[in-house]
Structures are given as C-alpha cells and as structure tokens.
Amino acid sequence: MTTSAAKKLFARAAKKIPGGVNSPVRAWKAVGDTPKFIARGEGAYLFDADGRKYIDYVGSWGPLILGHARREVLAAIHRAANNGTTFGAPTRLEVELAERITQVVPSIQKVRLVSSGTEATMSALRLARAFTKRSKIVKFDGCYHGHSDGLLVKSGSGVATLGLPDSPGVPESFARETLVARFNDISSVEALFQKQGHDIAAVIVEPICGNMGVILPQSKFLGHLRGITRRHQALLIFDEVITGFRVALGGAQKLYNVRPDLTCLGKILGGGLPLAAFGGQREVMDLLAPQGPVYQAGTLSGNPVAVAAGLETLRLLSQRGVYEQLERTAQQLELGYRQVIASHKLRAAINRVGSMMTIFFGVDSVTDVDQARQAHREKFATYFHSMLRRGIYLPPAQFEAAFVSLAHRKADIDRTITAFSAWAKAQSRG
Ligand code: PMP
C-alpha cells in the first residue's frame with residue numbers, strides 16, 4: 001500500500017513541530033489516526049493533499065461563515081496587501097472597522113483590535129481588574145477563553161471553587177485567582193459572590209458554549225449573570241469569539257438581549273485572517289494606554305490586511321437574508337439528523353443555535369458540562385471516521401461545534417445526511 005501524502009507530511013511535521021501541529025486539536029488525538037493535510041478550500045469544500053474533496057463543517061473553527069476563499073474577501077485582501085501589509089501606524093480602515101463594530105454590537109462603545117481571541121480575553125480581564133481594583137475572576141467549567149495562564153483553569157470534582165491549573169506551567173498562585181462556576185447553574189455563581197464578591201473583578205462567559213460542544217444558556221441564565229455582576233459591581237464579560245457575528249450580526253448578546261460590560265470578538269471578525277477585538281463601555285475602555293494606565297499593545301494589532309478582510313466579511317454579513325439563509329441550511333441539517341436518529345432508534349442529543357451545532361451520542365439531552373462529559377466519545381470517533389470516509393469533514397472531537405456556512409447548499413446537506421444515515425444503519429446492525 002502506498003503511504004498517503006498526509007501520512008508522509010505528518011511524519012515530517014512531527015520531527016520539527018511539537019506533536020506535528022501548531023494547535024493541539026488539529027492532531028486528531030480525540031478520534032485517533034493522523035490528520036488530513038489541507039491543500040485548498042473553495043466555498044463549502046476542502047481539498048486535501050491526497051486530492052480528496054470534503055464538505056467542510058469545521059470552517060477553520062468558526063471564522064469562515066462565508067465559506068472558503070469568498071471572492072469579495074479575497075479581492076479586499078489583495079487591495080489592502082497591494083498597499084503594503086503592515087505599518088505599525090494608524091490606518092483609515094481600522095477606524096472604519098471600529099465604527100462598524102460599535103454599530104452592530106451596541107454594548108461596545110469603544111473597541112481595541114488585537115490579533116487573537118486569547119489576547120482579547122486576556123486583555124479584557126486585565127482591564128476589568130484595573131477598573132474594579134479587584135483581582136479574582138469567575139469562569140465556567142468547560143468554557144474555553146484561549147490559553148492565557150489565568151484562563152487555563154476549569155473545575156475538577158471537589159475543587160470547583162479552588163481553581164487548579166489545567167496545564168503544567170500555570171502557577172497555582174495564578175490559578176487561584178480564577179474561581180470556577182457551573183454553566184447554567186446560577187446558584188454556583190451566587191455562592192462564589194456570597195463568599196468573595198468584594199474580590200471578584202469579572203465574570204467571563206461564552207454566552208452560548210461552543211467549547212464543550214454547543215450548549216445553550218437556559219432561559220434567564222445570562223440575565224441572572226447580568227443581575228449578580230451589577231449588584232456586586234463586578235463586570236460581565238461575554239466571550240463572543242465564536243458567537244460574535246455567528247448567531248446574529250450583533251452576536252449572542254443581541255439574540256438573548258443581555259448587555260455585557262465588555263465583549264471579546266475574534267474568528268469571523270478577521271474574515272479568516274488573524275484579528276480579534278475587545279470592547280465595551282467607554283469609561284472602562286478609556287483606562288487603556290495611552291489614554292489610561294492599563295498597558296496593552298501589539299506590533300500587528302489592527303493589521304490592514306486582516307482589517308480589510310474583516311470589513312468585507314461584515315459587509316457581506318450585513319446583507320438582507322444572510323442569517324435567515326444560515327438558519328434554513330442548519331435547520332435542514334438538524335432535521336435530517338433527527339429523522340435518522342429517530343428511524344434508527346439512536347440515543348443522541350442535538351444542540352443547535354443558528355449555524356452552530358453539536359451531536360452528542362449516548363445521552364438524551366445536554367444542558368451542562370457534566371451531561372456533555374457523559375457523551376460516548378468512542379461512538380463519536382467512529383461517526384467522525386465514517387463521515388470522513390464519505391467525504392464529510394467534521395470537527396475531530398466531541399466537544400466542538402460544527403459550523404454551517406453561507407456556501408453550504410441543500411445538496412451538501414443532503415449528502416451529509418445520507419452519510420450520517422449510512423453510519424446509523426451500521427450502528428443499528430452492530
Ligand atoms: N474564546 C473562545 C470562545 C474560543 O472559542 C477561542 C478559540 N477557539 C478563543 C477564545 C481563543 O481564540 P484564539 O484561538 O484566536 O486565541
């Protein structure tokens with residue numbers, strides 16, 4: 001048997017890049033085997049180094065809501081790049097993008113551009129601490145906010161309120177500043193505030209969880225978070241790196257009508273190039289240097305090529321009917337999956353908000369991270385590989401969102417459901 005291009009490339013990669021990848025989930029550890037190497041993307045499709053074509057539901061983990069290589073975005077990138085790729089000085093385009101962001105996300109009065117979601121959340125927390133003059137933050141078990149030290153913390157059983165580091169290299173003294181609550185469990189937040197409310201600078205939350213698979217906020221959860229933080233004069237930070245411009249142009253805060261103090265954006269904002277942002281109330285944002293004393297900076301922050309891609313992406317997302325189309329396409333996918341599940345009597349739960357969706361196997365419903373953790377990961381792995389063989393490229397882990405883009409057509413959805421049905425049939429036989 002000949003060795004595939006992917007296997008050869010991965011062997012080379014593993015010699016020079018830790019684990020062979022530049023971000024861990026790309027190594028497919030959760031589903032086994034080695035990853036495909038991608039040669040190019042076009043619309044809803046990926047083409048790998050071995051020449052195979054896939055319908056893509058990863059969308060580079062969220063940014064590609066328009067699909068791959070959208071013509072207008074490429075043109076904007078070319079236009080910007082022809083004028084030079086970086087100046088380290090202000091440009092007109094970044095002003096336009098800041099104005100656009102404040103238009104579509106009304107809780108943001110001022111915004112600063114950075115290059116990654118990790119930077120956005122890290123900087124938002126520094127700002128919240130400076131504004132409140134408090135040091136502790138609350139995050140939720142299972143929510144991911146990038147890999148800065150204080151955010152690489154989730155609860156382990158029995159240490160839910162202590163905060164232990166998830167990674168060697170994160171000092172326990174840093175991790176202790178992070179308190180962990182349970183998503184969709186407002187009493188777990190109340191308890192933390194009761195005990196240490198005067199020390200808590202901010203609550204940071206993914207308003208719709210995307211990083212333990214998609215988990216929806218229960219009715220009033222986000223509103224309650226707003227109420228508690230306000231009562232205790234702590235800031236509420238929505239990490240909308242995934243949900244921003246995804247579930248609505250104005251993000252999850254628009255969908256659920258809750259106004260955070262600070263918002264973190266990324267992914268879609270850069271239209272596929274490295275760009276992220278954090279923003280919020282004027283009086284908080286004005287603490288940032290050079291206006292205020294809170295230091296934050298970046299050589300490539302507001303990079304003109306990334307900003308051009310982002311502006312064009314937001315322009316295209318502002319056209320009429322865009323979110324309705326995303327909803328229709330994703331709904332077709334969900335309904336097709338539900339029919340297959342019912343006809344093959346599979347035990348599975350599907351969570352979806354707009355164009356983000358996760359299927360959890362072996363459970364009836366998933367409303368919190370504990371239920372998510374009960375999902376059958378081995379079953380997910382067989383599903384993943386079966387779909388891949390049939391040309392469907394899904395996120396290679398249970399605890400991720402699959403994304404539908406504007407480039408997905410009904411025929412793509414139908415093919416995906418047919419592939420799922422074939423796997424389901426084999427399951428019910430086995
Ligand atoms: N916040 C959320 C909700 C995310 O999903 C991610 C990345 N998946 C981040 C922050 C970190 O963003 P980045 O990978 O750009 O640093």
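In what follows, residues are counted from 1 in the order of the sequence shown. Keep in mind that this is a model prediction, so the values were computed, not measured. Indexing begins at 1, ligand by ligand and atom by atom, following the structure's order.
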Measure the acute angle between the ring planes of Phe380 and Phe361, then classify it against the limits of 30° and 60° as parallel, tilted or perpendicular.
tilted
Glu119 and ligand 1 - part of the residue with a heavy-atom distance under 4.0 Å
neither
I need the atoms of ligand 1 closer than 4.0 Å to a non-hydrogen atom of Gly117, numbered in the order shown.
11 (C), 12 (O), 13 (P), 15 (O), 16 (O)
In terms of atom number and element, which parts of ligand 1 are under 4.0 angstrom from non-hydrogen atoms of Asn211?
2 (C), 3 (C), 4 (C), 5 (O)
Taking the six-membered ring for Trp and the single ring otherwise, decide whether the centroids of Phe47 and Tyr393 are under 6.0 Å apart.
no
Provide the number and element of each atom of ligand 1 under 4.0 Å from a heavy atom of Gly146.
9 (C), 10 (C), 11 (C)
Side chain, backbone, both or neither: Trp61 near ligand 1, heavy atoms under 4.0 Å:
neither
If we only count N/O pairs under 3.5 Å, is Val241 in contact with ligand 1?
no
Evaluate side chain to side chain donor-acceptor pair (under 3.5 Å) for Tyr45 paired with Asp412, printing each intermediate quantity in order.
CA-CA 9 Å; Tyr45 310 117; Asp412 302 316; 2.5 Å; yes
For atom 8 (N) of ligand 1, is there a protein heavy atom at a distance under 4.0 Å?
yes
So, does Lys267 sit close enough to ligand 1 that a heavy atom of it is under 4.0 Å from the ligand?
yes
Answer yes if the ring centres of His408 and Tyr57 are under 6.0 angstrom apart, and no otherwise.
yes
Return yes when atom NE2 of His232 has more than 12 non-hydrogen atoms of other residues, nucleotides or ligands closer than 6.0 Å, and no otherwise.
yes
Should Asp141 and Arg373 count as an ion pair when the cut-off is N to O under 4.0 Å?
yes
Sole candidate of Tyr337, Tyr383, Phe384 that passes ring-ring contact (aromatic ring centres under 6.0 Å, His included) when paired with Trp423:
Tyr383
Numbered atoms and elements of ligand 1 in range of Ser116, under 4.0 angstrom, heavy atoms
15 (O), 16 (O)
Do Lys7 and Asp33 meet the salt-bridge criterion of a basic N to acidic O distance under 4.0 Å?
yes
Ligand 1 atoms in contact with Glu206 (distance to a heavy atom under 4.0 Å)
3 (C)
In ligand 1, the atoms that come under 4.0 Å of a heavy atom of Ile242 are 5 (O)
Below the 3.5 angstrom mark, is there an N/O of Asp239, backbone or side chain, next to an N/O of ligand 1?
yes
Please report whether ligand 1 has a polar contact with His145, defined as an N or O pair separated by less than 3.5 Å (distance criterion only).
no
Side-chain heavy-atom pair Arg129, Ile137 within 4.5 angstrom cut-off:
yes
Quick one: does Thr118 get an N or O within less than 3.5 Å of an N or O on ligand 1?
yes
